[in-house]
A.B. asks: 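Input: one structure, supplied below.
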Amino acid sequence: MVGRALWGCKNRFGKRSGRSGVLSAVCLGVLGASLLAVLFIDSIELWATSLGMTGSVKTPAQPAGLMPQSMPPSRPEEYLLMPSPLVCQRAKPYLITMVTTAPANQKARQAIRDTWGGEVEVRGKRVLTLFMVGIPANPTMGKLLIVEAREHGDLVQGRFQDSYGNLTLKTLAMLGWVRRFCSQARFVAKVDDDVLFNPAALLRYLDHRQRPLQTVDGQPPDLYLGRVHLHVPPDRNPSSKHFMPTQAYPGAVFPDYCSGTAYVLSRPALLKLSLAATATPLPHPLPPEDVFVGLSAHTAGIAPTHCPLFSGGPAVPYGRCCYQAMVSVHHVLPADMVRYWADAHTSSPCSWLGTRASLGVCKVRALLGTLIGL
Ligand SMILES: *[C@@H]1O[C@H](CO)[C@@H](O)[C@H](O)[C@H]1NC(C)=O
């Protein structure tokens, strides 16, 4: 695309007619502008998204008197498998990443352990990655999970049937576990098991963002961070797997929410959101996990924050510098995860310009891929 434009410009330069001076100036201007647009594509995206956001959540529906302390405690017996209850006291993670995974996805879990999930210290901060599962329908699978938990000590199993329709219960169990057993973590990330997550890129983003926002007691402020979906209407088609009847949610659109593929909550946001989630009765059928988290955040008076470094839906074509910069990339097969990680994270860091250019190119390619996919 840029190549063709360049060629066009060159042709204009070639012809030395009277108007060619003006034309080539316009041409160069357009080229320069598109180049800048590619280099700063994430800033443009951030600006465009914030324009579309449904204002700030000014009046929390939750009475302000309800403090996080009044939260119903989550009990250890809610979890069939879990690492030692002292795992966070020992590891003292700054960031805990909870990977929601289906019992059968053993390969995906292993790829994560062998790549980003295996990291224990990033940018001088402790990180910890655990996996969240439910009860598999197949008892043999249940036994395999016990063996896997014994071997790796990184599985948390909630007391609910593991199924697509129960993903919201998995998130509730995850929030409850972190609330109860990991008060050390300043931030919790929820990540799907087909996501190439990049704790270093997240911590870099948080370092830059949080410094001016740090509160007196050292706790980070409310943060609900990810790829924000704007003005999503509920699915009113009864045969859809995301069917949402009007009685369950009467509104025309959901509050803006972060894509469920990967999002991050600060500890205070986790406590408020979790309180809001447990205080409201669960609708039937259960809304999609990310919509549910968005609704709970809205109830708690927490607005989502958009970060262009979270990929959300469309697959992002591989680029070394792009993958070094992105916080999360969705739709990555286990074998690719190992390959991409080895290439992007064992090589030297990319230059500022290299990162900008690669990020621009892979975002444009992802966008084109989505458009063609339609
Ligand atoms: C969700 O889990 C509950 C508790 O285990 C179970 O009764 C229910 O059938 C499950 N729902 C779906 C849609 O799988």
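Here the structure is a predicted model, which means the values were calculated and not measured. Whatever order the structure lists ligands and atoms in, that order sets their numbers, starting from 1.
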A.B. asks: Does D194 have any salt bridge (Lys or Arg N to Asp or Glu O under 4.0 Å) partners at least two apart in sequence or in another chain, and if so, which?
C.D. replies: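 So D194 forms no salt bridge (Lys or Arg N to Asp or Glu O under 4.0 Å) with any residue.
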A.B. asks: Less than 3.5 Å apart, any donor N or O on the side chain of E289 or T171 sitting next to an acceptor on the other?
C.D. replies: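 Distance-only check passes for E289 and T171.
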A.B. asks: I need the contact residues for ligand 1: any residue with a non-hydrogen atom closer than 4.0 Å to the ligand, ordered by chain then number.
C.D. replies: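 Protein residues near ligand 1 are F160, Q161, S163, N166, L169.
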A.B. asks: Can you say whether the rings of W177 and Y79 are parallel (under 30°), tilted (30 to 60°) or perpendicular (over 60°)?
C.D. replies: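 It falls in the perpendicular class, over 60°.
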A.B. asks: Could you pull out the closest heavy-atom pair between L155 and L145, with the gap in Å?
C.D. replies: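 That would be CD1-O, 3.5 Å.
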A.B. asks: Quick one: is the NZ or CZ of K170 closer than 6.0 Å to the six-membered ring centre of F160, and within 45° of its axis?
C.D. replies: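 Judged by the rule (NZ or CZ under 6.0 Å from the ring centre, within 45° of its axis), K170 is not positioned above F160.
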A.B. asks: In this structure, which one of I44, I41, L359, D42 forms a side-chain contact (heavy atoms from CB on, under 4.5 Å) with P308?
C.D. replies: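 Testing P308 for a side-chain contact (heavy atoms from CB on, under 4.5 Å) against I44, I41, L359, D42 leaves exactly one candidate, D42.
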